[in-house]
Amino acid sequence: MGTRGPRRGPGPPDGGWGWAVLGACFVVTGFAYGFPKAVSVFFRALMRDFGAGYSDTAWVSSIMLAMLYGTGPVSSILVTRFGCRPVMLVGGLLASAGMVLASFATRLLELYLTAGVLTGLGLALNFQPSLIMLGLYFERRRPLANGLAAAGSPVFLSALSPLGQQLLEHFGWRGGFLLLGGLLLHCCACGAVMRPPPGPRPRRNSAGDAPGEAEADSAGLRLREAPSGGPTRRRLLDVTVCTDRAFAVYAVTKFLMALGLFVPAILLVNYAKDAGVPDSEAAFLLSIVGFVDIVARPACGALAGLARLRPHVAYLFSLALMANGLTDLSSARARTYGALVAFCVAFGLSYGMVGALQFEVLMAAVGAARFPSALGLVLLLEAVAVLIGPPSAGRLVDALKNYEIIFYLAGSEVALAGVFMAVATKCCLRRRSQDATPSPGTKGGASDTEDAEAEVDSEPLPTSAEEPGGLEALAVPSPGTGPSEPEMEAEPGLDSESV
């Protein structure tokens with residue numbers, strides 16, 4: 001067996017148990033994206049009980065989102081080390097425990113540590129492994145699978161927001177947090193579903209271990225690789241993906257997008273209440289966004305999977321970003337309930353397109369083998385933007401008592417992200433994609449330069465071509481397991497001089 005990573009047969013199954021994995025990913029995505037926004041229903045009660053301003057209270061959602069994104073590299077390392085299933089089980093317990101402990105909080109600081117840090121960390125340990133496992137099960141139907149999984153966010157948002165309002169009215173914010181903590185235990189059930197896709201068992205040498213072994217056991221995905229004649233190395237995080245031009249363009253786009261994308265959704269309920277809309281109708285506005293989003297995400301995923309559009313998915317993503325930004329800009333002065341409903345419809349449509357395409361664009365840019373590390377690094381950048389965007393918007397609301405400028409700023413940031421993505425893809429990536437021969441496994445977008453080189457340097461496969469696996473870089477030496485096979489070539493960049 002060669003040293004270029006796991007070989008799982010002819011390719012992802014594109015079905016079978018993958019539909020169960022897709023269902024679990026649907027639930028996890030719903031909690032990860034819908035929960036921080038639904039918690040905003042409790043903000044007024046928290047402001048009243050703790051005597052705090054809106055900006056201080058909004059830190060609960062901001063910290064939760066920051067932990068969801070900022071712990072991306074940690075989640076990548078844990079998945080590589082322990083597998084998807086145990087990481088998700090622990091994450092479900094942490095998310096539930098955070099909300100249960102938050103129900104006993106007596107200070108805002110305690111809410112930050114429990115509902116913010118602990119629950120956010122638990123959601124992060126569920127969200128990223130579920131996306132990684134989804135990529136292992138789907139290739140040809142991957143855009144549709146991503147769209148269906150992303151639809152969990154609006155479904156749960158449309159349900160959690162009215163549910164939170166009802167819990168607040170009947171049990172107060174403490175009872176509501178306690179019950180929501182119990183609801184988050186469903187993440188543990190989703191983690192139990194995440195078994196790895198079937199594949200051939202790796203060959204073993206006389207010492208009992210294959211130097212280039214890829215373990216896909218009941219715990220999830222575990223990767224171990226070794227250069228020829230050297231000790232086994234465990235690859236935890238691929239930081240060399242940062243040198244890829246397509247990844248750099250995507251990372252900058254996501255940072256600009258995250259500065260403003262979530263601000264309107266977080267402020268929407270309180271904006272409507274300050275405009276004189278009754279509490280129940282104000283909470284229903286988020287449900288309208290969710291209902292439109294439910295239709296937009298799978299529809300956009302199916303559209304991106306068409307043969308003529310899939311190679312241009314990056315431009316479709318930039319179009320969705322520009323549409324979302326323009327929606328914010330054109331609706332900054334909406335004060336009547338009818339105008340707010342129209343804004344929610346347009347915002348839900350463009351927001352759903354962004355949600356359905358964002359991870360498909362990343363998978364197409366870096367490939368499935370480096371997607372776990374790339375996702376972790378991108379989420380870390382988003383965490384910084386999330387810590388800047390919503391809290392700054394909250395402080396501006398407290399200082400200016402005016403939401404109009406907030407919508408202008410948020411819309412400008414998201415629209416700028418879309419323009420940058422389109423221009424950079426056209427000017428910086430098109431020439432490279434024309435020079436490089438696209439690999440069969442990356443038909444959905446521009447192929448990576450290093451992946452193209454690896455395709456040439458890798459040993460020929462006796463059967464159908466299989467995508468390279470393994471997480472490159474940050475190689476941590478571990479005890480050797482025996483000599484490598486004689487016919488095996490050392491992977492470029494992994495010889496003794498590179499460590």
Side-chain angles (χ1 to χ4, degrees), residues 24 27-43 45-47 49-50 52 56-75 78-79 82 84-130 152-153 156-157 159-161 163-165 167-168 171-192 262 265-266 376 379-380 382-383 386-387 390-391:
V27 175
V28 169
T29 303
F31 277 123
Y33 279 119
F35 203 83
K37 302 179 185 68
V39 170
S40 63
V41 173
F42 298 91
F43 280 0
L46 295 175
M47 292 166 59
D49 286 4
F50 293 107
D56 294 329
T57 310
W59 272 99
V60 176
S61 288
S62 298
I63 294 174
M64 195 180 296
L65 286 170
M67 291 300 297
L68 176 64
Y69 299 135
T71 55
V74 176
S75 183
L78 291 176
V79 167
F82 300 105
C84 292
R85 182 179 292 174
V87 172
M88 291 184 67
L89 290 174
V90 173
L93 293 176
L94 289 177
S96 176
M99 292 304 296
V100 171
L101 292 175
S103 66
F104 299 98
T106 57
R107 294 181 299 168
L108 273 180
L109 178 61
E110 296 173 1
L111 279 179
Y112 296 160
L113 296 176
T114 53
V117 175
L118 200 57
T119 298
L121 176 61
L123 293 175
L125 295 181
N126 274 269
F127 176 59
Q128 188 170 336
S130 67
S153 173
F156 274 65
L157 179 60
L160 288 176
S161 182
L163 175 63
Q165 187 67 38
L167 293 178
L168 178 62
F171 304 102
W173 69 266
R174 294 185 185 276
F177 278 18
L178 184 63
L179 293 173
L180 290 176
L183 193 64
L184 285 173
L185 287 174
H186 286 84
C187 293
C188 295
C190 295
F262 307 112
I266 292 177
L379 292 180
L380 180 61
E382 281 195 80
V386 167
L387 283 176

Asker: Atom CG of L178 and atom CG of L101: how far apart are they, to the nearest 0.5 Å?
Answerer: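 With rounding to 0.5 Å, CG (L178) is 10.0 Å from CG (L101).
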Asker: Kindly give the heavy-atom pair with the smallest separation between R174 and T106, and that separation in Å.
Answerer: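 That closest heavy-atom pairing would be NH2-CA, 4.5 Å.
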Asker: Taking T114 for its side chain and E110 for its backbone only, find out whether a donor-acceptor pair lies under 3.5 Å.
Answerer: yes
Asker: Which heavy atom in G191 sits nearest to a heavy atom in M88, and how many Å separate them?
Answerer: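 Heavy atoms of G191 and M88 come nearest at CA-CB, 3.7 Å.
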Asker: I'd like to check M64 versus V39 (side-chain heavy atoms, cut-off strictly below 4.5 Å). Are they in contact?
Answerer: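 SC-SC contact between M64 and V39 confirmed.
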Asker: For F50, run the side chain to side chain contact (heavy atoms under 4.5 Å, CB included) check against L111, L109, T57 and tell me which one passes.
Answerer: L111
Asker: Sub-3.5 Å donor-acceptor pair from the side chain of S130 to the main-chain atoms of F127, do we have one?
Answerer: yes
Asker: Testing the basics here: between T71 and A124, what is the closest heavy-atom pair and its distance to 0.1 Å?
Answerer: OG1-CB, 3.1 Å
Asker: Distance from L123 atom CG to S96 atom OG, nearest 0.5 Å?
Answerer: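 One finds 10.5 Å between CG of L123 and OG of S96.
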Asker: Is the distance from the ring center of F35 to that of F156 below 6.0 Å?
Answerer: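 No: the rings miss the under 6.0 Å criterion.
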Asker: Go through V117 and I63 one step at a time and tell me if the side chain to side chain contact (heavy atoms under 4.5 Å, CB included) criterion holds.
Answerer: CA-CA 6 Å; V117 175; I63 294 174; 3.9 Å; yes
Asker: Rounded to the nearest 0.5 Å, what's the gap from CE on M99 to CG on L185? Could you check?
Answerer: 12.0 Å
Asker: Please round to the nearest 0.5 Å and tell me the distance separating atom CE of M47 and atom CZ of F42.
Answerer: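 The CZ atom of F42 is 15.5 Å from CE of M47, to the nearest 0.5 Å.
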Asker: With no hydrogens and no angle check, is any side-chain donor or acceptor of S75 less than 3.5 Å from a backbone partner on L125?
Answerer: no
Asker: Heavy atoms only: give me the nearest G181-V100 pair and the separation to one decimal.
Answerer: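 In this case the closest contact between G181 and V100 is CA-CG2, 4.2 Å.
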Asker: Check L180, T119, N126, L183 against F31 for a side chain to side chain contact (heavy atoms under 4.5 Å, CB included) and give me the one that passes.
Answerer: L183
Asker: Identify the heavy atoms of L108 and D56 that sit nearest to each other, and give their distance.
Answerer: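 Of all heavy-atom pairs spanning L108 and D56, the closest is CD1-CB, 4.1 Å.
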Asker: Minimum heavy-atom separation for V87 and L78, please, with both atom names.
Answerer: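 For V87 and L78, the tightest heavy-atom pair comes out as CG2-O, 3.7 Å.
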Asker: Hey, what do you get for CG (L184) to CG (L94), rounding to the nearest 0.5 Å?
Answerer: 11.0 Å
